[in-house]
Chemist: 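One structure, pasted below without further comment.
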Amino acid sequence: MALDWAVRNKRIVAAAVAPVALGAAAVVAVAVSEPSAPSTAPTTLTASVTECHDMVSIAVGGRNDSPRPGTHAMLLDADGNPLPAASSTDFSSPWVDEVVNAPRDDVPEGSYSAVYVEYPANMSSYDDAVEAGVDNAETVMQAIRQACPDTKFAVVGYSEGADVARRVAMEIGNQESAEDGSYEIVDPDSVVGVVILADAGRTAGEGPFPGAEDEFRNPDGFDLAYQSGRNSASGSGSLPGTSGSFGALDGKVASFCSEGDLTCSAPENIALLQLAVNVGRQLNVDALERDGLTPETALDVATVLGRIAMAAFADIQSQENWMQSDETFLDVLIKVSDPSYEPAVRDVASTGTDGEITSGELIDLTYLPAKLRNEVIGFIADNENTLEVALSDPYQQTLGPDTGHHFDYWRDSDPENGKPLTSAQYAAAWLTHLAKQAESGELDKAEAESTAPQLVVSSKPIDPAPLPPTTDGDVEKAAAGATTTTSSTPASPTRAAASSSASPAPVPPVPAAASAPSPAAPAPSPAAPSPLPAVEPLPAVEPLPTVEPTTVAPTTAESSAPGTTTPAATTTPTTTPVPQP
């Protein structure tokens, strides 16, 4: 299915669309395996979401790399209806398999599974295909989550499927929970990893792990280093309109981009190529690539260009002071050619009726010379690198067989410079790590600990300094076990008397500070708290009735009968029981 480059040059429109395919982050036919023959492919619908796993990877292949109903066995929902996905045991991708099948040999059978999302995966209408992939991926995840609430998810996408994976991750990560704590798609906490190979939504200067503590080294929670330095591909993704934060999934994303892969490392100031990218997202690139310029494909091109031009004029008309702004007509064309563009509506009532020339429009005419000058200057500045990219043979540089950097993710290791694994191998190792955690329950344990950190804090030793002002019973009991607290807490005479066997010295001053008329108090421990209500929680020390022999209590009561000898009497009973136990 690969077209000879010389033939491609003869097809003018197809040649113009070739860079567009780069911006669409799609794999050309030469990079895609042929689908299995229908006569030999298993088509029995047997795999069901009710077969629960600890972790499931949702895989999205590139152009033409997707399962097809009737050719591959499709996944079933809980009611037995087919879902837009196939198990990786029923569908094989020459590119993504290495990543999503890696965990199988490292966890018990049945703990891990991978499924491939079915979607158009074509270039008949790029954005329509990608949006269908997003919808199908989320549908499959919801069906699995409903049948298996404890299942963890990873999302993996390559090329055109990378765009699907990015959009899915952004939608999940930026959800708002309902009042009952539920989520429309799935709980972001259930998504433990996202792998994007050739990320067309990548931001300039962004590291491979956006939102992570070290975005150039590793995703959060995985100690293996991707590289030793802080390298990042130059430029940015060719679909800037799909950029954005991953929200709650920040730190759980691996976004890989190879230097020279123009789908994710397009240089700045290539405005005309960016316009071509946006136009190509709305063209039937498959037909142009297959048939060249025909009446049908020419009509398709003319329709798309006409629609963009009309949208540009309408956008300018909706801006009251556009002539006075720095925005060029090329800027407007790029803006309105993005498939996600939503036209603005100008309030005509405030600007006069149709057909009338308002005073504001007359004033705008005075800015026309300056506007034309800005158009020329802006066009040159915005296309500073366009010629350089056009002359570098961008098709061969990115998608060409054996030369295209779009396939570097399986050959980009560089051990001598601190990068021991390819991007695909690193992603496989990370998914394996996550699958092991899901199987052992570590992911659930970490989530539970993050929601109750106070339990960990309360179990740590407590500094004696803050103890005096508190009346918490648990803290008092914890302090009672430490001998150093007896001398520093004079407000606890009962505890001091109870621990006099280990430290008899502090005992004499304690009764002196306490109430003298009750020398028998040390024997029956419940009587002690009455003069000191601040330590009422101390009945927890009741296990000490060993100090309470009935023979001692009467003795101390008699010896303390002469009221004037109370201090001496209290010393006698306190020391008498100590050697007794």
Side-chain angles (χ1 to χ4, degrees), residues 24-36 41 47 53 55-68 71-75 84-106 112-122 129-130 132-134 136-137 140-141 153-169 191-200 208 253-258 261 263-264 399 404-412 421-435:
V27 183
V28 292
V30 296
V32 183
S33 63
E34 293 294 331
S36 303
H53 308 278
M55 176 173 157
V56 175
S57 287
I58 306 297
V60 194
R63 187 181 178 191
N64 297 334
D65 192 16
S66 170
R68 293 286 178 253
T71 301
H72 305 95
M74 306 305 287
L75 193 66
S87 170
S88 62
T89 58
D90 298 316
F91 175 80
S92 179
S93 165
W95 304 106
V96 188
D97 272 1
E98 178 181 337
V99 178
V100 299
N101 287 339
R104 280 192 177 140
D105 295 334
D106 291 270
Y112 173 82
S113 179
V115 298
Y116 279 93
V117 173
E118 182 267 321
Y119 76 114
N122 58 26
V130 171
V134 172
N136 289 353
V140 172
M141 295 176 74
F153 294 102
V155 181
V156 181
Y158 168 53
S159 192
E160 188 173 5
D163 196 358
V164 175
R166 166 175 272 277
R167 299 189 197 194
V168 169
V191 179
V192 295
V194 178
V195 176
I196 309 174
L197 297 160
D199 185 0
V253 177
S255 169
F256 297 113
C257 179
S258 174
D261 182 354
T263 63
C264 57
L399 300 174
H405 292 290
H406 199 60
F407 317 118
D408 283 348
Y409 309 98
W410 289 265
R411 61 191 183 197
D412 59 353
L421 301 176
T422 67
S423 298
Q425 289 172 336
Y426 186 88
W430 183 36
L431 288 192
T432 301
H433 170 74
L434 293 173

Chemist: Among residues at least two apart in sequence or on other chains, which ones pass side-chain hydrogen bond (donor to acceptor under 3.5 Å, both in side chains) with Tyr409?
Modeler: Asp261
Chemist: If you look at every heavy atom in Gly61 and Val96, which pair is closest and at what distance?
Modeler: CA-CG2, 4.2 Å
Chemist: Would you check, one step at a time, whether the test side-chain contact (heavy atoms from CB on, under 4.5 Å) holds for Phe153 with Val140?
Modeler: CA-CA 11 Å; Phe153 294 102; Val140 172; over 6 Å; no
Chemist: With no hydrogens and no angle check, is any side-chain donor or acceptor of His433 less than 3.5 Å from a backbone partner on Ala429?
Modeler: no
Chemist: Kindly write out the residues that satisfy side-chain hydrogen bond (donor to acceptor under 3.5 Å, both in side chains) with Asp408, not counting sequence neighbours, or none if the list is empty.
Modeler: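 Asp408 satisfies side-chain hydrogen bond (donor to acceptor under 3.5 Å, both in side chains) with Ser258, His405, Arg411 only.
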Chemist: Minimum heavy-atom separation for Gly193 and Trp430, please, with both atom names.
Modeler: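 Reported closest heavy-atom pair: CA-CH2, 3.6 Å.
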Chemist: With a 3.5 Å distance limit and no angle check, can you tell me whether Asn136 reaches the backbone of Glu118 through a side-chain donor-acceptor pair?
Modeler: yes
Chemist: Checking Ala132 now: which residues fulfil side chain to side chain contact (heavy atoms under 4.5 Å, CB included) with it, not counting sequence neighbours?
Modeler: Pro120
Chemist: Quick one: do Ile58 and Val115 satisfy side-chain contact (heavy atoms from CB on, under 4.5 Å)? Show the steps, please.
Modeler: CA-CA 5 Å; Ile58 306 297; Val115 298; 3.6 Å; yes
Chemist: Quick one: CD on Glu160 to OG1 on Thr263, what's the gap to the nearest 0.5 Å?
Modeler: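 One finds 12.0 Å between CD of Glu160 and OG1 of Thr263.
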Chemist: Supply the atom-to-atom distance Glu98 CD to Thr422 OG1, rounded to the nearest 0.5 angstrom.
Modeler: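 The CD atom of Glu98 sits 5.5 Å away from the OG1 atom of Thr422.
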Chemist: Run the ring pair (Phe, Tyr, Trp, His ring centres under 6.0 Å) test against Tyr112 and tell me which residues pass, sequence neighbours left out.
Modeler: none
Chemist: Check whether any side-chain heavy atom of Asp65 lies under 4.5 Å from a side-chain heavy atom of Pro94, and answer yes or no.
Modeler: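 Yes, close enough: below the 4.5 Å cut-off.
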Chemist: Which atom names give the shortest non-hydrogen contact between Val194 and Ala165, and what distance separates them?
Modeler: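 So the minimum-distance heavy-atom pair works out to CG1-O, 4.5 Å.
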Chemist: What are the two closest heavy atoms between Val192 and Leu434, and how far apart are they?
Modeler: O-CD1, 3.7 Å
Chemist: Apply salt bridge (Lys or Arg N to Asp or Glu O under 4.0 Å) to Asp412 and list each qualifying residue two or more places apart in sequence or on a separate chain.
Modeler: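 Lys419.
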Chemist: Check the orientation of Tyr158 and Trp95. Use parallel for under 30°, tilted for 30 to 60°, and perpendicular for over 60°.
Modeler: tilted
Chemist: Mind listing the closest non-hydrogen atom pair of Val134 and Val164 along with its distance?
Modeler: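 Shortest heavy-atom separation between Val134 and Val164 comes out as N-CG1, 3.7 Å.
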Chemist: Tell me whether Ser57 contacts the main-chain N or O of Ala59 through its side chain, where contact means a donor paired with an acceptor under 3.5 Å.
Modeler: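 Flag not set: sc Ser57 to bb Ala59 has no pair under 3.5 Å.
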Chemist: Let's go through Arg63 and Ser159 carefully: what are the C-alpha distance in whole Å and the side-chain angles of both, what is the deciding distance for side-chain contact (heavy atoms from CB on, under 4.5 Å) to 0.1 Å, and is it a yes or a no?
Modeler: CA-CA 7 Å; Arg63 187 181 178 191; Ser159 192; 5.8 Å; no
Chemist: Which value, rounded to the nearest 0.5 Å, describes the distance between Tyr116 atom OH and Asp90 atom CG?
Modeler: 12.0 Å
Chemist: Please check: side-chain N/O of Ser66 versus main-chain N/O of Tyr119, any donor-acceptor pairing under 3.5 Å?
Modeler: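 It does hold such a pair.
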Chemist: Roughly how far, to the nearest 0.5 Å, is CG of Asp97 from CZ of Phe91?
Modeler: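 Spacing of CZ (Phe91) from CG (Asp97) equals 8.0 Å.
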Chemist: Taking side-chain hydrogen bond (donor to acceptor under 3.5 Å, both in side chains) as the definition, give me every residue that meets it alongside Ser88, ordered by chain and number, with sequence neighbours left out.
Modeler: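 Here the qualifying residues are Asn101, Arg104.
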Chemist: Provide the closest heavy-atom pair for Ala86 versus Ala73 in the form atom of the first, atom of the second, distance.
Modeler: CB-O, 3.2 Å
Chemist: Should Val60 and Val168 be marked as a side-chain contact (heavy atoms from CB on, under 4.5 Å) after you check the CA-CA gap, both sets of side-chain angles, and the distance that decides it?
Modeler: CA-CA 11 Å; Val60 194; Val168 169; over 6 Å; no
